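Structure first, commentary second.
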Amino acid sequence: MRYSFFIGFIVLLMSCHNEPTQQDNTKIVEGEDGELLDSILTPYIKNLRKLTHNTAGLAIGVTKGERIIYARTFGYANIEKGEKADFNSVFHIASLSKPFTAVAIAKLIEQGQLDLNDKIITYIPEFQMKGDGYDSITIKHILTHTSGIPTNISTEDWTKPSYGAHALDENLEAVKNHSLEFDPGTKFNYSNSAFDILGIVISRVSGMSFSDYVSTHILQPAGMMHSTYSKPKDSLPPNFCNSYSYALQTQRWTPYPYNEKLYPSSGMLTTLPDMCRWAQIHLGKGKFQNYEVLNEENFELLVHPHFNTPWGNKIGLSWYLQSYLERPIIMHTGQDTGFESIIYIYPENDISIVVMANRDFSRTGRLINAASEVLFKEELKPYRISAKYKFTEAYNAYGIEKAKEIWNFAKKDTTDIYEVNDDDILTTGAILENRKKWNETKEILDFYNTLNTSSTYSWRLLGNANLNLGDTLNAKSCYQKCLDINPEYEKAKIALSNLIKSK
């Protein structure tokens, strides 16, 4: 499969008049701009990855006109097996999935099957929430994050995944227990859960499953033959990237972020070549060469400024309309624990940049900005990185006391590239708890709780560590501390109740 994909990719490149200088499925460098990126951006990326102890995969692609001028992969899709990331590697792109859902709506509009201002209840008459106002939510409200539906209704999205034809419908049951946060159309508030409701609209209007509609009417016409929503239930195919995070080193994160009821908001799985094609189709206002997804009229719906965002920019239909280096961009990001992704489309310059990673804390935002700076001949901005990397270096070499000393010193030193945020220590402890590294979790969260005594999350995780180390007395104390801070903290209630019952 890997070999056949590579041959297909080379054929694609040749069809774009962009024959690579070498048959290497980890690297393309074409033309003067490609050479410039490779000479400046590549070492910049390598150094940042070294400073952040990042051995997981990273994929970056830059297009200009019809050509891919720079594409490179770094690190490993599977660290444990020593499998390097390449152009075959499939990344989970999290919320960067939302523009695919938006394009599906625009396609249904083009097909005359719905209207942007149609109400959700027109297609889902059983859609119901607590209180009033939910029956006035329109398709446009959801695509512009102005529906008022809470951000994340499901709290165990990855740990208890749903599968099958009716997975999306589970979102209707979950939303019944919630009220709108504001009247539809009056405010902006990013909502994953709203997009998952929209997937049901797409399915009912089209008469197909959500994923089948996107595949048939979006992915296939785009030539994105290696993009999918689907993965096997209990395994990853060989070319799928594992998910990684960073605690004391880059390490596996579980569970893998997959849930069929979340396809519309965060379910897309794709490769670097496919995402470069996706960007080029947007530069072409719905088409690229012989590939057409949307006509220009309906493409313009996606990038028309529909609403103001809280940070002073505009939102189209899922796409954010911003600028970088005083140049307009169409952009979106994606992040779930274990993965990051980001895309910039420069419509006035016929340029796009895509970055994907299978480790969080991969600094994809800084890297896409750096690529822009090189391309537009701007001064390459320096980066700052978390002092947690110095902390973990000291911890690994000398133990917790030296690590604490390094952290406290870093707080006073503002002259180097390291920045201090105490919550980075909490994150480190949380990732260790996920991997059941109980001794390390205890030491690091004990330290964090001297920096911040009011984090219920930290006290609960510390309780879990103590419990698994056999220290039930301190575990009970930690869970009780959670409830002292927040008497309604359900997970602490359950943990404390279970501990008492086991006595």
Side-chain angles (χ1 to χ4, degrees), residues 95 97-155 157 162 164-214 216-218 229 259-267 294 298 301-302 304 306-309 315-319:
S95 285
S97 306
K98 289 181 176 68
F100 290 88
T101 301
V103 172
I105 289 291
K107 189 65 180 179
L108 287 168
I109 294 172
E110 180 182 305
Q111 293 168 341
Q113 298 195 62
L114 52 70
D115 185 86
L116 196 57
N117 293 307
D118 287 346
K119 294 178 180 180
I120 298 303
I121 59 169
T122 302
Y123 306 103
I124 317 175
E126 72 273 33
F127 173 69
Q128 186 177 354
M129 298 180 68
K130 287 185 175 180
D132 299 323
Y134 65 85
D135 54 354
S136 66
I137 296 172
T138 66
I139 292 170
K140 182 178 177 180
H141 289 147
I142 290 180
L143 288 173
T144 56
H145 294 290
T146 60
S147 70
I149 296 173
T151 301
N152 291 309
I153 288 173
S154 299
T155 57
D157 296 338
S162 301
H166 300 291
L168 273 182
D169 288 335
E170 292 181 22
N171 294 298
L172 295 178
E173 192 61 33
V175 80
K176 285 181 180 179
N177 300 317
H178 295 264
S179 302
L180 291 177
E181 295 183 333
F182 49 82
D183 291 335
T186 62
K187 296 180 182 178
F188 175 97
N189 187 49
Y190 190 87
S191 177
N192 290 308
S193 296
F195 264 73
D196 295 321
I197 297 294
L198 194 57
I200 303 171
V201 172
I202 291 169
S203 178
R204 295 196 181 180
V205 170
S206 68
M208 306 170 68
S209 72
F210 168 79
S211 58
D212 283 349
Y213 182 82
V214 175
T216 301
H217 293 274
I218 310 300
Y229 288 100
N259 192 327
E260 293 186 10
K261 74 176 182 180
L262 307 181
Y263 277 174
S265 65
S266 55
L294 280 175
N298 287 287
L301 289 174
L302 301 170
H304 177 78
H306 291 287
F307 204 83
N308 295 325
T309 64
I315 186 170
L317 301 184
S318 84
W319 285 110

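In this text the structure is predicted, and so the values were computed from the model without any measurement. All heavy atoms count here, side chains included; hydrogens, waters and symmetry mates do not.
With sequence neighbours left out, His145 forms a ring pair (Phe, Tyr, Trp, His ring centres under 6.0 Å) with Phe188, Tyr190, Phe195. Residues that satisfy the ring pair (Phe, Tyr, Trp, His ring centres under 6.0 Å) test with His304, not counting sequence neighbours, are His306. Under the side-chain contact (heavy atoms from CB on, under 4.5 Å) criterion, Asn308 pairs with Lys314, sequence neighbours left out. Partners of Tyr123 according to the side chain to side chain donor-acceptor pair (under 3.5 Å) rule, which considers only residues two or more places apart in sequence or in another chain, are Asp118. With sequence neighbours excluded, no residue satisfies side chain to side chain donor-acceptor pair (under 3.5 Å) with Lys140. For Tyr229, the side chain to side chain donor-acceptor pair (under 3.5 Å) test picks out no residue, with sequence neighbours left out. Looking at residues two or more places apart in sequence or on another chain, you find no side chain to side chain donor-acceptor pair (under 3.5 Å) involving Thr216. Every residue two or more places apart in sequence or in another chain that forms a side-chain contact (heavy atoms from CB on, under 4.5 Å) with Gln111 is listed here: Lys107, Leu108, Gln113, Tyr213, His217. Remark: Lys176 engages Glu173 in a salt bridge (charged side-chain N to carboxylate O under 4.0 Å, His left out) (not counting sequence neighbours). Checked against side-chain contact (heavy atoms from CB on, under 4.5 Å), Glu126 has the following partners two or more places apart in sequence or in another chain: Ile124, Leu172, Arg204.
Under the ring pair (Phe, Tyr, Trp, His ring centres under 6.0 Å) criterion, no residue pair touches residues 164-187, with sequence neighbours excluded. Residue pairs meeting the salt bridge (charged side-chain N to carboxylate O under 4.0 Å, His left out) criterion with at least one member in residues 179-192, sequence neighbours excluded, do not occur.
In plain terms, the two heavy atoms of Pro264 and Gly199 that are nearest each other are CG-CA, 3.6 Å. Residues Ser209 and Ser203 approach most closely at CA-OG, 3.9 Å, considering heavy atoms. Residues Leu168 and Ile200 approach most closely at O-CD1, 3.4 Å, considering heavy atoms. Here the closest non-hydrogen pair linking Ile142 and Ser147 is CG1-CB, 4.0 Å. Residue Gly131 comes nearest to Ser179 through the heavy atom pair N-OG, 4.5 Å, listed as atom of the first residue, atom of the second, then distance. The two atoms that bring Ser162 and Glu170 nearest to each other are OG-OE1, 2.6 Å, heavy atoms only.
Panel note: side chain Thr151, backbone Ser191; no donor-acceptor pair is recorded below 3.5 Å. At least one donor-acceptor pair closer than 3.5 Å links the side chain of Ser193 to the backbone N or O of Ile153.
Side-chain contact between Thr186 and Thr146 is absent, with no heavy atoms from C-beta onward closer than 4.5 Å. Residues Ile149 and Leu180 form a side-chain contact, since some pair of their non-hydrogen atoms from C-beta on lies under 4.5 Å apart. Residues Leu301 and Leu294 form no side-chain contact, since every pair of their non-hydrogen atoms from C-beta on lies 4.5 Å or further apart.
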Exercise. Decide side chain to side chain contact (heavy atoms under 4.5 Å, CB included) for Ile109 and Leu114; before the verdict, give the C-alpha distance in whole Å, the side-chain angles of both, and the deciding distance to 0.1 Å.
Key: CA-CA 5 Å; Ile109 294 172; Leu114 52 70; 3.3 Å; yes
Practice problem: Report the C-alpha separation of Ser95 and Lys98 in whole Å, then their side-chain angles, then the decisive distance to 0.1 Å, and conclude whether the side-chain hydrogen bond (donor to acceptor under 3.5 Å, both in side chains) test is met. | Solution: CA-CA 6 Å; Ser95 285; Lys98 289 181 176 68; 2.8 Å; yes
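Within 6.0 Å of CG in Asp132 there are 12 or fewer heavy atoms belonging to other residues, nucleotides or ligands.
Between the side chains of Asn117 and Thr138, no donor-acceptor pair of N or O atoms lies under 3.5 Å.
Residue Ser265 is tested with Asn171, Asp196, Asn259 for a side-chain hydrogen bond (donor to acceptor under 3.5 Å, both in side chains); the sole match is Asp196.
Atoms CD1 and CG, on Ile137 and Leu198 in that order, are 11.0 Å from each other to the nearest 0.5 Å.
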